[in-house]
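Keep in mind the model is a prediction, meaning the values are calculated, not measured.
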Amino acid sequence: MNQSQPDNLGAFIAENKTLLKEYLETRLEIYRLQGLRLFAKSAGYFAWILLSLFLGFLFFLFGGLMVAYWFSGLFHSYVKGFGLVTLLILVVFVLLAVFRKALFVEPVIQTIIQNSKEEDSDDETID
């Protein structure tokens, strides 16, 4: 009885070798496609972030110029108007630096964790 079991195991492996090979190839293709999807989503988010930063910079630049000219008109001095806007921009940068963890770091971490949970739940439905 013990001698027939290795023959049966060998025959089982030989019979199902092609099925196992197809299964492994399919799993590798699934992982490759999931990686491609992740790369595509990341590239899309990266392009969106770059575009948003560029538009935000333009808004900030022209908005700052507008406010600086407005203050210059109020104070009848370009130095006072542009100086005040420079001081306001400096205060904004200091506040962003002080609250960077609460405003940027934590939300990004939470978003990454949430997206990875969604990816895991998508992967479980595929299996």
Side-chain angles (χ1 to χ4, degrees):
M1 187 167 178
N2 288 338
Q3 290 180 350
S4 65
Q5 190 169 2
D7 291 336
N8 289 340
L9 183 61
F12 175 78
I13 291 175
E15 290 173 5
N16 294 312
K17 186 176 181 181
T18 57
L19 186 62
L20 181 62
K21 185 178 178 183
E22 287 177 12
Y23 173 77
L24 290 175
E25 289 174 356
T26 304
R27 290 303 288 174
L28 287 174
E29 183 68 15
I30 289 172
Y31 290 136
R32 186 186 73 79
L33 290 174
Q34 286 174 341
L36 186 62
R37 181 179 65 174
L38 180 65
F39 175 74
K41 284 176 75 174
S42 299
Y45 284 131
F46 183 69
W48 170 247
I49 287 171
L50 284 179
L51 181 66
S52 297
L53 287 174
F54 179 70
L55 292 175
F57 171 74
L58 288 178
F59 177 78
F60 197 67
L61 176 71
F62 290 114
L65 284 172
M66 182 190 69
V67 172
Y69 279 115
W70 182 62
F71 281 152
S72 295
L74 286 178
F75 296 127
H76 303 291
S77 169
Y78 284 122
V79 174
K80 288 180 183 177
F82 280 83
L84 184 59
V85 169
T86 303
L87 183 64
L88 288 172
I89 290 172
L90 182 64
V91 167
V92 167
F93 281 139
V94 168
L95 288 174
L96 287 175
V98 168
F99 296 111
R100 72 183 176 276
K101 189 171 184 179
L103 292 174
F104 301 109
V105 176
E106 292 297 326
V108 168
I109 290 172
Q110 293 301 322
T111 302
I112 291 171
I113 290 171
Q114 190 67 24
N115 285 341
S116 69
K117 285 181 182 178
E118 289 174 4
E119 291 290 326
D120 288 342
S121 67
D122 289 346
D123 292 345
E124 289 173 1
T125 57
I126 291 172
D127 292 340

* Asked: Quick one: are Lys41 and Arg37 in side-chain contact, heavy atoms under 4.5 Å?
  -> yes
* To do: Taking ring-ring contact (aromatic ring centres under 6.0 Å, His included) as the test, write out the residues that go with Phe71, two or more places apart.
  => none
Considering only Ile, Leu, Val, Met, Phe, Trp and Tyr, and joining two whenever side-chain heavy atoms are under 4.5 Å apart, list the other residues clustered with [X].
X: Ile113; value: Val105, Ile109
X: Phe46; value: Leu50
X: Ile49; value: Leu53

* Atom CG in Leu33, atom CG in Leu38: separation rounded to 0.5 Å? -> 12.5 Å
Just to verify, what does [X] make a side chain to side chain contact (heavy atoms under 4.5 Å, CB included) with, not counting sequence neighbours?
X: Phe62; answer: Leu58, Leu65
X: Lys21; answer: Glu25
X: Leu51; answer: Trp48, Leu55

* Asked: Looking at residues at least two apart in the chain, or sitting in another chain, which of them share a side-chain hydrogen bond (donor to acceptor under 3.5 Å, both in side chains) with Tyr31?
  -> Arg27
* Structure fact -> Glu29 meets the side-chain hydrogen bond (donor to acceptor under 3.5 Å, both in side chains) criterion, sequence neighbours left out, with Arg32
* Where do Ala102 and Pro107 come nearest, in terms of heavy atoms and distance? -> O-CD, 3.5 Å
Which atom pairs, donor and acceptor, lie under 3.5 Å between side-chain atoms of residues 77-99 and protein residues at least two apart or in another chain?
unit_1, atom_1, unit_2, atom_2, d
Ser77, OG, Val79, N, 3.4
Ser77, OG, Lys80, N, 3.3
Thr86, OG1, Phe82, O, 2.7

* To do: Tell me whether Met66 is reachable from Leu74 by hopping between hydrophobic residues (I, L, V, M, F, W, Y) whose side-chain heavy atoms are closer than 4.5 Å.
  =>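 They do share one cluster, since a chain of ILVMFWY contacts under 4.5 Å joins Leu74 to Met66.
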